[in-house]
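Here is the structure we will look at.
Letters A, B, ... mirror the listed sequences (proteins, then strands); counts begin at 1.
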Amino acid sequence: MIFDEMACRCGEWLRGSGPESDIVMSSRIRLARNLAEYPFIRRCNDFDRANIEVSVRERLEQSGDFDDFTFISVAELDNLDRQLLVERQLISRELSDAEGARAVAIDEAERISLMINEEDHLRLQVMKSGLDLDEAWQQINAVDDNVEQQLNYAFHPDLGYLTACPTNVGTGMRVSVMLHLPALVIAGQIDKVFNSLQKINLTVRGLYGEGSQAMGDFYQISNQVTLGKSEESLVEHVGSIVPSVISYERKARDVLIKDGNHDLFDQVSRAYGLLQNAQQISSEETMHLLSKVRMGINLGLIGDLEIPEVNKLFIQTQPAHLQKLRGGLPDSANRNRARASYLHRHLKRPKFGEDPAESN
Amino acid sequence: MKCQKCDKLATFHITDLSGDQLLALHLCAECVKEYLQPEETPPASTKVVSNVISKQLKLEQTTEELAELDHKECPVCGISFYEFRQGGRLGCPNDYVFFANELEPLLNNVHGSVEHVGKKPMRGPHDTQPQTELIKLRREMKEAVDLEDYELASELRDRIKSVEGESQP
Ligand SMILES: [Zn+2]
Ligand SMILES: [Zn+2]
């Protein structure tokens, strides 16, 4: 089954490379599209939903442009496989938890995913490692062109692409950049940054979904407006503000280092030590500690671990991934022990017992 | 250094992101509190929609007009304005035409614009209003089946087939 293979790999957005990848985890663009001949999802009956899934799939498969995509009927998956796709950000929680016919098509590199019967009939999404919005836009634009050859998109001459929610109408486009901002959090500046971003029509969210508390100091910045601006200018708007946030985070890191911030050194060392030696550990705590370790590597405080390895641990210690890799483990107590032993195995170093911060 | 807002000693030095550039701020302990006061965070999109709509409606309609508007139903998908107002999601592409007057202030409020200036489909019609006919026919067919009016249902099925044939890309 493809899901078992998937769990062993990292996927595009955790590759840990690309421009500014010490702070920018990933760039993502999604387009919301609907078919002209069907009601929007909330007014679809079971028959409509099934029809949409089948006809989209058939037409895209026949076109030959989607040969390296795997089509997955999400309704037929068990909870674990659905959760795995959510953790990999290939489907949204909304698509996972919905009822009725729904599907996703994923390209081999896990860069592009096409969700069918989400809030809109189609959600086309591309993810890139690091800060790479222009390339992301070119890719998803090309995918959109290919889909559009096969299907009639609901389109209005004045309002553009019509979407189920009026907040997405026009371009249907959401440009997001996921940033790792631990130093701004430590410096107590994060709310300030967010307030400023909101003033210029950008939204900030934590990792894994709407409203959720930021996990491991990961934050997603995206555009709010979708109508009245071209796709290029939306890309430009988000893309122009991210470097400021990056430099802000870098300044905060510099200050922490220059001040010889012992709290910081202590936090990094403790985090590393805990991850290496814990006997049981939740995924939230793991995320929180890995975030500190990730920052420690970027600041040169940890020398015997690489960013891609940490990124791999981020994804593989998530509940569904852990269950896939270890088999079984339905209850969280067992999972917490398995997670700790997994971390222990991957983080054990020859110089074990020595304070990693001191060795630098 | 003096506080930028009053004359007390500035003990807080903040870098602010306003517009596209970094801005250095020097504030005293009192002014910084006011400055850092977290603003109201924007609610999720559903709430945005229903908040804006209800504000707009209260300003412009009387209670009777509002009740009447709530009963207004899209002839294509059958969604009522009340349902949209509650859920924040529209029922079909035709709603953008049928509820155009009600949606305009909402779109202006959320996007600051009511005109798309981005990408257009390369192929096919740049106005898919005629295709909403299929949505209506399918709904009527289902209603006919539910009422066991099989004659009407099969008539509708034939019309759906022919319209579908025309609109295939
Ligand atoms: Zn002052
Ligand atoms: Zn409608």
Side-chain angles (χ1 to χ4, degrees), chain A residues 34 36-43 45 47-48 59 119 141 144-145 148-162 164-171 173 189 191-193 195-200 203 210-211 224-231 234 240-241 244-245 247-248 251, chain B residues 14-22 35-36 38-39 41-42 44-46 48-49 76-79 83 87-93 95-97 103 106-107 110-129 131-132 134-135 138-139 142 163-164 167-169:
Chain A
N34 286 279
E37 301 89 353
Y38 289 91
F40 293 143
I41 287 297
R42 67 167 295 168
R43 299 293 290 185
N45 54 39
F47 185 71
D48 292 328
R59 296 208 66 102
E119 180 185 304
N141 191 23
D144 185 47
D145 288 346
E148 184 235 295
Q149 293 300 314
Q150 307 303 325
L151 304 163
N152 291 324
Y153 284 154
F155 192 86
H156 184 284
D158 297 330
L159 295 174
Y161 296 94
L162 301 178
C165 183
T167 56
N168 294 321
V169 76
T171 56
M173 180 155 104
Q189 299 275 300
D191 289 339
K192 193 73 235 44
V193 175
N195 288 342
S196 317
L197 291 174
Q198 276 159 12
K199 279 181 206 145
I200 52 169
T203 312
E210 221 148 334
Q224 228 161 44
V225 168
T226 57
L227 180 64
K229 290 203 164 83
S230 70
E231 288 81 0
L234 291 173
S240 71
I241 203 68
S244 310
V245 181
S247 76
Y248 203 29
K251 272 184 206 162
Chain B
I14 316 177
T15 319
D16 185 15
L17 286 157
S18 306
D20 298 74
Q21 60 199 25
L22 292 163
Y35 188 78
L36 291 176
E39 282 160 45
T41 46
S45 65
T46 314
V48 174
V49 174
V76 169
C77 71
I79 195 173
E83 257 182 283
R89 301 286 181 275
L90 293 164
C92 81
D95 300 354
Y96 281 98
V97 177
L103 285 174
L106 169 71
L107 293 176
V110 173
H111 302 285
S113 167
V114 287
E115 194 159 5
H116 177 58
V117 295
K119 186 176 180 178
K120 292 181 171 66
M122 290 186 298
R123 182 198 54 80
H126 283 176
D127 184 356
T128 51
Q129 183 59 20
Q131 271 82 355
T132 56
L134 264 175
I135 303 172
R138 284 206 204 92
R139 189 162 73 97
K142 187 173 182 298
V163 180
E164 269 177 349
S167 83
Q168 283 271 325

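- Side-chain contact between Pro93(B) and Tyr38(A) is absent, with no heavy atoms from C-beta onward closer than 4.5 Å.
- Put simply, the residue from Thr226(A), Val169(A), Leu227(A) that forms a side-chain contact (heavy atoms from CB on, under 4.5 Å) with His116(B) is Leu227(A).
- Distance alone, capped at 3.5 Å, is enough to place a donor-acceptor pair between the Glu148(A) side chain and the Arg123(B) backbone.
- Legend: residues meeting salt bridge (Lys or Arg N to Asp or Glu O under 4.0 Å) with Glu231(A), ordered by chain and number and at least two apart, are absent.
- Remark: Asp145(A) engages Lys119(B) in a salt bridge (Lys or Arg N to Asp or Glu O under 4.0 Å) (not counting sequence neighbours).
- Contact count versus chain A (heavy atoms, under 4.5 Å) is highest, among Val114(B), Thr132(B), Val163(B), for Val114(B).
- Side-chain atoms of His111(B) come within 3.5 Å of backbone atoms of Pro166(A) as a donor-acceptor pair (strictly under, hydrogens ignored).
- Counting heavy-atom pairs under 4.5 Å between each of Asp95(B), Val76(B), Asp127(B), Leu103(B) and chain A puts Asp127(B) at the top.
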| message | With side-chain contact (heavy atoms from CB on, under 4.5 Å) as the criterion, how do Glu37(A) and Glu164(B) come out once you've worked through the C-alpha distance, each side chain's angles and the decisive distance to 0.1 Å? | response | CA-CA 8 Å; Glu37(A) 301 89 353; Glu164(B) 269 177 349; over 6 Å; no
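- Using a 4.5 Å cut-off between heavy atoms, Gln149(A) touches chain B through backbone and side chain atoms alike.
- Of the possible polar contacts, none joining the Arg43(A) side chain to the Leu90(B) backbone as a donor-acceptor pair under 3.5 Å is found.
- Between chain B and the options Arg59(A), Met173(A), Gln150(A), Lys229(A), the largest number of non-hydrogen pairs under 4.5 Å is found for Arg59(A).
- When atom types are taken as modelled, the side chain of Arg42(A) and the backbone of Arg89(B) share a donor-acceptor pair closer than 3.5 angstrom.
- Most heavy-atom pairs under 4.5 Å with chain B: of the set Ile41(A), Asn34(A), Asn45(A), Asn141(A), this distinction falls to Asn141(A).
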